[in-house]
Amino acid sequence: MSAAFAHNSGQNGTPAEPPSGHTPAQAGELPKQYKPADHEQRIRARWDEAKAFHADPQRVLRGEAKPYAIVIPPPNVTDRLHLGHALNNTLQDVLARSHRMMGFETLWMPGTDHAGIATQAVVERRLKKEEGISRQQLGREKFVAKVQAFKDEYEKIITDQLKLMGCSCDWDRQRFTMDEVCARAVREAFFRLFKDGLIYRGKRLVNWDPVLQTAVADDECYDEEIDSSFYYLRYPLREMVKGPKGHNAKVSAADTIPISWNELARRGYPGAEQHGGEEQAWVTVATTRPETYLGDTAVAINPKDPRANSLRGLFVELPLVGRIIPVIEDDYVVLPAAMQADPEAAKSDPKAVFATGFLKVTPAHDPNDYEIGLRHKAAIEACGNPVMINMLAPDGSVSDKHGWTDVGDAHLFVGLPREKARKKVLEEFKVRTVDNSTVSLLAETKPYRHSVKHSDRSKAIIEPYLSDQWYVKVTDDRLAPAANRALVADQRKSEQQSGKAADGDGQLRFYPARYAKTYEQWHDGIRDWCISRQLWWGHRVPVWRVQLVPQADDTAAQKSLSLAIDSISDALDEAKQQGNYHILADMARAEEICVCVRNNEAHVRMEQFAKSHADAHPTRSGMRSLIESVQQDTDVLDTWFSSALWPISTMGWPSPQLAGKGFEGLLQAFNPTTTLCTAREIITLWVSRMVMFERYLMPEKWEAEKTKPAALVSLAENGEGRGPLPFNNVYIHAVIQDGEGRKMSKSLGNGLDPLDIIASHGSDAMRFTLCQMTTQTQDVRMPMVKDPATGRNTSPKFDLGRNFSNKLWNAARFTMSMLGVSSHPTSDIPHPTSLIDRWMLSRLATATKEVNDAIGNFEYSNYAQTMYDLLWRDFCDWYLEAIKPTIASDKSQQAVLSTTLECILRLLHPIMPYVTEAIYEQVRSLPGGTISGITLTPPRKAGLLCTSGWPIASDSLRDSSAESAFERTRSLITIIREARSQHQVPPKRKVTLHAPASLLKPEEVALVQTLALIEAIDSTGTSPAGAIALTFEGKQIHLSNLRDAAAPGSAGADDAERERLSKIIGDSEKSISTLEGRLNNPGYAQKAPPAMVKQTQDQLAKAKADRDAARASLAALGGA
RNA sequence: GGGCGGGUAGCUCAGUUGGCUAGAGCAUUCGCUUUACACGCGAAGGGUCCAGGGUUCGAGUCCCUGCCUGCCCA
């Protein structure tokens, strides 16, 4: 089957496998190779039919099972899943499946995220490409319908991908961040935060994408260097001649006069005398964005600048605009390199090199200037200017419609896009001069390469832009600080430092622990969260804005405001609505009333109110004379707002009753969820917000609340940020990079599609490999190659998992063939006493413990590696090979074989669900028998392995004497194998071992015979000529009968033997010198633990014995 | 600028409280159509554990400094 076939299947949703009509074959008929495509679809169908992954909250509430819950980090519907998703979801599935088998009532909640800006951008691009129109041309309603259709398409692709990966999600409960259940949660959360004053509207500088025309978050931007220039503009200096006009009245040029260089010189301005005496003086500002001068409201100088003193109290006039703005002093201004304390050092700072010491201050168009503007509000406003003057339209063109009023002669720039405006400004400055002089307003231009913020989605250069946005006041003690208090004590910095429990109250734990620090520091430096986006795809802000008719004076305005509020309340019948509205108005400004609606019913009423207002006859008095317009806020919420509610919204919060039938008891049973499994950049974007919201929105006494009968549980109470956590553990996994350590991305073409891997290697192989590479580091590399046959990317790393699946398959095939031929076991199986069986059970018990520890600590690589060694090394290489002669007749051994295989299947199932389930179909009907000390609880549903019990292996099975005895036998076998290989003994030839009878017990002899191909052991104490000598535990033993006497090649046998012995002597001597060196160190015997010294002495004795024996053999050969 | 990782065999990575004469898989070499598996079996070669200091009887592991590299936050 081809990769292309499977790939298509992902898109149309048809499972990848060809129709097989497969019924479980008899053991003997199983094919030699495990073909994933022959099984995966059938297995998945069996899981689905049995509803094997459907969680029942009632079992938890009745106390029949403990809960285990994971919510999926909802993938964006923007695109199909990549390998990072495959990793993330495999890790979750391993947790879900293992805990389900351990007896927990396990809920893995699936779903997808609407991904506001990302999805809108993709659909907009599609629309432009396919239909050649913009979303504005299509209109909001039709556009949203298009996005909805796109979402449906990708939601299906993603769901199918997850299913093909084998994810054991509770598919009946699948959610989408914009479905009705989640939307209810969003409205409720917004309402409560709004009512409690934790959501506000404010004019701030945001990252503005002028192409998509929306605010974007920092994480939706990237920095990229561009070639640009520093432009040096001259602003003519003036001084005020008239006294203060009224309070903050506009100062005009007429209120000021030009100031000359002579006057500046008189004021002590260094170097003023070098300029033209009575000509008007100027200052030079350096900028990369000259067009923004239209919005300048000050010019700043560093107070340490020697020129500052003489300029204090002066002004500049903005050319063409004519605006008079003050010279202010602010530490932020970078001093030119020459003025700095260490001019040489300053030369490495490009800003200092390019600086003039004067900074144009444009608060509405630069974040630093914004801060400066706020610091010097009084000085700026004294000139009659607002601190912020916005001179751009949302599309990035120069505009006098968005807050810029004193246009003056600058009208020639209005309407120009950013780039054209820049050119035009430079042209105008170049040809104009400072009054009364010949000095050009444009001093010079210097090329400058610097980093500029771009929008991820449109690639446009970000414009810092002043606009009205909604904010969540996360700095409030009930939000970010409460999130930090949620950390467990030993992961909190403050408590680690003080050594005592401070105000922490939570159980939130990060794995690996270092990420707690990332989390804590994020909250320490957090700023209020801008939650509004000027998009069409998302949850619309549930606030209606009521504009009032302007009134003649403040008193009238306030009166009209009160009347309007009353009339709105009446219209909405607020009293009967039981607090479903929150009406907010700024009494001082009295221009607008905000009505926040809590639910859909309230929304509909508000809609009707708006309609009735619009329909009202203009001449009628009453409401119409008070209210100008009524409309819902057009913004939508940041995607993370709905994501932040995911753990509770998916379970029906705020109203399981309204959410529907399947939601009863879900929150009570599964909240807080157990573990969140995600990537590290998500700590700040998502983890933090989920903790803040849930702690704030859920009832403070949730532990007590959730034990009440369902009907009495109240979800409507706000805590003070002391509510329950959304999850107790946060596991942060690695990021998969390509072979060169680069991020996988579409543009680099180095990404891997999970479905391609599944098609070429099988789902289990992919999962095993991903687990195996998941260590505690932060990045893992995945070398990628293009498959020439399919043209698709793949990686040879997945061969590991494919080979391992196949190994398991064949081990099972062999086991079945062995047990299939035997008669059914009697009811009383003797306790296994043979060395090899005791050894196998001991290894099994040890591995089980290691796997349990690994799962508990999220050590996926250890888990996979332990299973690899158990199955491949212990079970296949040694156990299966060793039992071949005895298995057919040994009932006890049959039970060990059968039980061990079943334990391996169960232990491996969470990582490799398909192949283990497929084998289990066969194994269940095999004769076996139980082994005391091993508990294998039968499946709960439909005989499925995925619902069977996790194996329990008693510690009593761990048998150190069996392990050491086997270890000793194994080393003898290895020595013999090495000698055979070096002497090129034909692989099938059985040789003769000459060794004392006391060396090995009979069952050990049997193992050596089987595994090293020994025909017989000769204990007569003699060995024939031509026998070779081996050293085992410092004693000489011999091997003979290596080949037929007449066989060719025997002539060279002595040389081979000499070479072999020389190597042993060399290796031994190297060891001897290392070990002697250690023992001769005087401090060693005195300070090292005695057991350590003893061990070294033993090692030395053995090395010496090995060397001496090899020397003796070499001498006997007549060698050097 | 602040924080967090990584640097060990040709490649990808393990190496948990210091005890190591440093491991695995892949790749390489040699031998095998061994009736579970060639997606396999047996054997072999391959390392200045980034560099330099320090602590210690003993350092891949702990401490300091530096270099390279990646990520997150500003």
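Just so you know, these numbers use all the heavy atoms, side chains as well, and skip hydrogens, waters and symmetry mates. Proteins come first, then strands; the chains are lettered A, B, ... in the order of their sequence lines, and each starts at number 1. As the structure is a prediction and not an experimental result, all values here were calculated from the model.
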- On RNA chain B, more 5' by nearest nucleotide between Thr777(A) and Gln865(A) is Thr777(A)

- Item | Verdict with reasoning, Leu1030(A) to Arg1060(A), per side chain to side chain contact (heavy atoms under 4.5 Å, CB included) | CA-CA 10 Å; Leu1030(A) 308 179; Arg1060(A) 190 180 71 86; 3.5 Å; yes

- Message: Could you tell me how far rG47(B) sits from rC13(B) if I compare only their C1' atoms? Round to whole Å.
- Response: 15 Å

- Hey, does Gln491(A) have a side-chain heavy atom less than 4.5 Å from the side chain of Tyr515(A)? no

- Task: Could you tell me whether the side chains of Ser763(A) and Glu40(A) share a donor-acceptor contact shorter than 3.5 Å?
- Result: no

- Query: How far, in whole Å, is rG25(B) from rC62(B) if one measures between their C1' atoms?
  - Reply: 30 Å

- Both distances under 3.5 Å, Watson-Crick or G-U wobble: report the partner of rC71(B), or none. rG3(B)

- Task: Remember a base hit wins even if backbone is also touched, and classify Gln1086(A) as base, sugar-phosphate or nothing at under 4.0 Å, heavy atoms.
- Result: nothing

- The first and last nucleotides of RNA chain B lying within contact of chain A, meaning any atom under 4.0 Å from one of its heavy atoms, run from rG3(B) to rA74(B)

- Task: Quick one: label Arg1078(A) by what it contacts on the DNA or RNA (base, sugar-phosphate, nothing), any heavy atom closer than 4.0 Å.
- Result: sugar-phosphate

- Are Gln1095(A) and Gln1099(A) close enough that some pair of their side-chain heavy atoms sits under 4.5 Å apart? yes

- Message: Between rG5(B) and rU16(B), how far apart are the two P atoms, rounded to whole Å?
- Response: 16 Å

- Gap between atom CE of Met766(A) and atom OG of Ser760(A) - 0.5 Å precision: 10.0 Å

- Message: Considering every strand and a 4.0 Å limit on heavy-atom distances, what is the contact class for Glu978(A): base, sugar-phosphate, or nothing?
- Response: sugar-phosphate

- Message: Taking the C1' atom in each of rC73(B) and rU48(B), what is the distance between them to the nearest angstrom?
- Response: 38 Å

- Name the nucleic acid region contacted by Thr775(A), choosing base, sugar-phosphate or nothing; use a 4.0 angstrom heavy-atom cut-off, strictly under. sugar-phosphate

- Query: Counting any heavy atom closer than 4.0 Å, what does Tyr868(A) reach on the DNA or RNA strands: base, sugar-phosphate only, or nothing?
  - Reply: sugar-phosphate

- Item | Strand partner of rG42(B), provided both Watson-Crick or wobble distances fall under 3.5 Å | rC30(B)

- For Trp522(A), report the nucleic acid contact type (base, sugar-phosphate, nothing); a contact means any heavy atom under 4.0 Å. sugar-phosphate

- Message: Under 4.0 Å, heavy atoms only, any strand: does Asn1081(A) hit a base, just the sugar-phosphate, or nothing?
- Response: sugar-phosphate

- Taking a pair as Watson-Crick or G-U wobble with both distances under 3.5 Å, which nucleotide is matched to rG19(B)? rC57(B)

- Ranking Asp877(A) and Lys884(A) by the position along RNA chain B of their nearest nucleotide, the one closer to 5' is Lys884(A)

- Item | P gap between rG23(B) and rG46(B), integer Å | 13 Å

- Could you tell me whether the side chain of Phe804(A) reaches within less than 4.5 Å of the side chain of Leu871(A), counting heavy atoms only? yes

- Query: With a cut-off of under 6.0 Å to the ring centre and 45° to the axis, is Lys884(A) in cation-pi contact with Phe814(A)?
  - Reply: yes

- For rG47(B), the Watson-Crick or wobble counterpart (both distances under 3.5 Å): none

- Message: Rounding to an integer number of angstrom, what distance separates rC68(B) and rA27(B) when you compare their C1' atoms?
- Response: 26 Å

- Task: Check every strand shown and say whether Leu1013(A) touches a base, only sugar-phosphate, or nothing at a heavy-atom separation below 4.0 Å.
- Result: nothing

- Which is true for Val735(A) with a 4.0 Å heavy-atom rule: it touches a base, it touches only sugar-phosphate, or it touches nothing? nothing

- What is the nucleic acid contact for Arg527(A), judged by heavy atoms within less than 4.0 Å: base, sugar-phosphate only, or nothing? nothing

- Are the side chains of Val785(A) and Pro796(A) in touch, meaning some heavy atoms are under 4.5 Å apart? yes

- Task: Using a heavy-atom cut-off of under 4.0 Å over every strand shown, decide if Arg802(A) touches base, sugar-phosphate, or nothing.
- Result: base

- Query: Rounding to the closest angstrom, what is the interatomic distance between rU61(B) and rU17(B) at atom P?
  - Reply: 12 Å

- Message: Need one value for Lys32(A): base, sugar-phosphate or nothing, where a base atom within 4.0 Å counts as base even if backbone is also close, heavy atoms only.
- Response: sugar-phosphate

- Task: Pick base, sugar-phosphate or nothing for Gln772(A), based on heavy-atom distances below 4.0 Å to the nucleic acid.
- Result: nothing

- Could you tell me whether the side chains of Asn1081(A) and Arg1078(A) share a donor-acceptor contact shorter than 3.5 Å? no

- Item | Rounded distance in Å between the P positions of rA14(B) and rG7(B) | 7 Å

- Message: Considering every strand and a 4.0 Å limit on heavy-atom distances, what is the contact class for Pro1089(A): base, sugar-phosphate, or nothing?
- Response: base

